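What follows is a single structure, written as structure tokens, with notes after it.
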Amino acid sequence: MIGLADCNNFYASCERVFNPKLKNKPVVVLSNNDGCVIARSNEAKLLGVKMGEPAFKIKSLIKNHDIAVFSTNFALYGDFSDRVMSILKSEIDNVEVYSIDEAFLDFQGIDSLAKAEYIIQKVKKWTGIPISIGIAPTKVLAKLANTIAKKYTNKGVFLLDSPSLINRALSFFSVDELWGIGSRYAKRLKYFGINTALDFRNTDRKWLRKNFSINAVHLQKELYGKSIYELETKKVRKKNICTSRSFFEDINNYSRLRQAISQFANNCAVKLRKEKSCCSCVTVFLRTNFFKQDKKQYFPAITLNFPTPTNDSMEIVSMANMALKKIYKKEFNYKKAGVIVQNIVPADYVQMSLFDQINRKSRRKIMSSVDKINLLMGRDKIYLASQSARNRIEMKQQRLSPCYTTRFSDILKISI
DNA sequence: TCTGGGGTCCTAGGACCC
DNA sequence: TCTGGGGTCCTAGGACCC
């Protein structure tokens, strides 16, 4: 049996931990630049706040119902995620951390209901985060069981095991609630009269294979209780690493854009070194504002290759800036830009080049010193000149909560 | 006025090979 | 009249996830 542990309204719950006044109050968390709603408490959901809705469209709703609004505080959420995951790992041997707020648990040979209830209480007590656990024979069914646990139980646990129970659940859920069926597939399936999860499971396999992808067939098998998606407990190397941002204000100025690309490229390099990986190429993309449809759009991207795979900030930043130079056109205003590093290989498995001009040994030493200092003294204490620390490209984050658990100056003070 | 960021996988079609 | 067959690799685009 597989369990899926999922934090309830995770970001909103994190904001509540050190702010008890928010209990039973509607809470929403916004995306970067305070743009869209990306998390809602149950109370906010009941008020009709939709996922992904632009904040400016619900201004009056926020005001009328006194909804608490927060900018994203990833330092806080990331730290809470680590805490929750480590508790799960202390209770269950095989845990697959699937996302910032979800993990699959190996419940094989365990009295799963009792264990799940215990874990929920422990996580709540130790971190303040409410979680739900769904248990079933496959991952897809565990996802469904989790939805039931979250929405229709008091304890937050649901065991979906017997065939008759599974059948009942499948007939109850709409096909678009299945894990792996998004809005596009749902629309097409409904067009063919496949409305419930049960309809989907009973669809002819060959027809599914022909009209959808192999994933649809896998999904169907999982619904029959045949496990296709195994528990993956080993950490896998990322295949792409991307840093991109929308700008609060459009950027037209080349040197400003260069500064942003330098920041993004350096960020990718830092992430690569953290993963002990090297990349073989770097992609830079720009994008004008899609929402300004009256303006002419431009969304170029270019990929440049490295002669030798690298995770050296200086190399990656200068290559990214070369790429920017090739695609930049001064007649456009840019809303978003990003850097992607790809074709990633393990750092200790790099094919050397015969004509390499760089002294890699000393470069590695420099980079590891920079990483150490920045880890100790704070992010970007040492940076490349092209990143230009003064006048950095900042995000709009007007409702940022303190980093209660990761910054000494933000630790909660109470007077007794 | 204002609209996120970071990933993965699959497939069709083109380019190329013998 | 009549235009092969079998294969690989790469890429862009589309779909999905949180």
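The figures that follow rest on heavy atoms only: side chains count, while hydrogens, waters and symmetry mates do not. Numbered from 1 within each chain, the chains take letters A, B, ... in sequence-line order. This is a predicted model, so every value here is computed, not measured.
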Quiz item: Is there a stack between A:Tyr185 and C:dC16, judged by ring centres under 5.5 Å and planes under 30°?
Solution: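 No; by the centre-distance and plane-angle rule, A:Tyr185 does not count as stacking on C:dC16.
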
Nucleotide nearest [X] (side chain, heavy atoms from C-beta), chosen from [options]:
X        : options               : value
A:Lys239 : B:dC2, C:dC18, B:dC9  : B:dC9
A:Cys242 : B:dG7, B:dC9, B:dT3   : B:dG7
A:Ser213 : C:dC18, B:dC10, B:dT8 : B:dC10
A:Thr243 : B:dG6, B:dC2, B:dG5   : B:dG6
A:Ser246 : C:dC17, B:dG4, B:dC2  : B:dG4
A:Phe56  : C:dC17, B:dG6, B:dC2  : B:dC2
A:Lys238 : C:dC17, B:dG7, B:dC2  : B:dG7
A:Cys36  : B:dC10, B:dT3, B:dT8  : B:dT3
A:Asn240 : B:dT3, B:dT8, B:dG7   : B:dT8
A:Ile241 : B:dG7, B:dC9, B:dG4   : B:dG7

Between [atom2] of [N] and [atom1] of [X], the distance in whole Å:
X        : N      : atom1 : atom2 : result
A:Met51  : C:dC18 : CE    : P     : 10 Å
A:Asp101 : C:dC17 : CG    : P     : 14 Å
A:Ile100 : B:dT8  : CD1   : C1'   : 18 Å
A:Phe247 : B:dG4  : CZ    : P     : 13 Å
A:Asp176 : C:dC17 : CG    : P     : 10 Å
A:Asn343 : C:dC10 : CG    : P     : 9 Å
A:Arg184 : B:dT11 : CZ    : C1'   : 16 Å
A:Glu53  : B:dC2  : CD    : C1'   : 13 Å

Taking any heavy-atom pair under 4.0 Å as a contact, classify [X]: base, sugar-phosphate, or nothing.
X        : value
A:Thr72  : nothing
A:Tyr98  : sugar-phosphate
A:Lys187 : nothing
A:Ile214 : sugar-phosphate
A:Lys57  : nothing
A:Ile340 : nothing
A:Asn33  : nothing
A:Lys335 : sugar-phosphate
A:Glu102 : sugar-phosphate
A:Ile181 : sugar-phosphate
A:Arg287 : nothing
A:Asn215 : sugar-phosphate

Quiz item: Can A:Asp79 and A:Thr406 be counted as having a side-chain donor-acceptor contact under 3.5 angstrom?
Solution: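 There is no such pair between these side chains.
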
Exercise. Verify the distance criterion only: is there a donor paired with an acceptor across the side chains of A:Arg83 and A:Thr127 at less than 3.5 Å?
Key: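 Short answer, no.
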
Establish, with yes or no, whether the OP1 or OP2 oxygen of [N] is under 4.0 angstrom from a side-chain nitrogen or oxygen of [X].
X        : N      : answer
A:Arg245 : B:dG6  : yes
A:Lys336 : B:dG6  : no
A:Arg209 : B:dT11 : yes

Quiz item: Can we say A:Arg40 and A:Glu53 salt-bridge, meaning some charged N sits less than 4.0 Å from an Asp/Glu carboxylate O?
Solution: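 Salt bridge flag = no for A:Glu53 with A:Arg40.
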
Quiz prompt | Pair assignment for C:dT8, Watson-Crick or G-U wobble, requiring both distances under 3.5 Å | solution =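 C:dT8 is paired with B:dA15.
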
Quiz item: Would you say A:Lys381 and A:Leu376 make side-chain contact, with heavy atoms under 4.5 Å?
Solution: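 With C-beta onward as the side chain, the pair stays apart.
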
Quiz item: Would a 4.5 Å heavy-atom cut-off, applied to side chains only, mark A:Thr138 and A:Ile2 as touching?
Solution: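 Sidechains of A:Ile2 and A:Thr138: no contact.
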
Practice problem: Would you please classify the geometry between the A:Phe192 ring and the A:Trp207 ring as parallel, tilted or perpendicular, with 30° and 60° separating the classes? | Solution: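 Ring orientation, 0 to 90° scale: perpendicular.
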
Exercise. Using heavy atoms to find the nearest nucleotide of DNA chain B for A:Pro54 and A:Arg237 separately, return the residue whose nucleotide is more 5′.
Key: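 First, find each residue's nearest nucleotide; the 5'-ward one identifies A:Pro54.
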
Quiz item: Mapping A:Lys271 and A:Lys59 to their closest nucleotides on DNA chain B, which lands nearer the 5' end?
Solution: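 The answer here is A:Lys59.
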
Exercise. Measure from NZ or CZ of A:Lys115 to the centre of the six-membered ring of A:Phe107, then state whether that distance is under 6.0 Å and the direction lies within 45° of the axis.
Key: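 No, a cation-pi geometry is absent between A:Lys115 and A:Phe107.
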
Quiz prompt | Interatomic distance at C1', B:dG4 relative to C:dC17, whole Å | solution =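 Going atom to atom, C1' in each nucleotide, I get 15 Å.
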
Quiz item: For the rings on A:Phe299 and A:Phe290, is their centre-to-centre separation under 6.0 Å?
Solution: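 Ring-ring flag for A:Phe299/A:Phe290: true, centres closer than 6.0 Å.
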
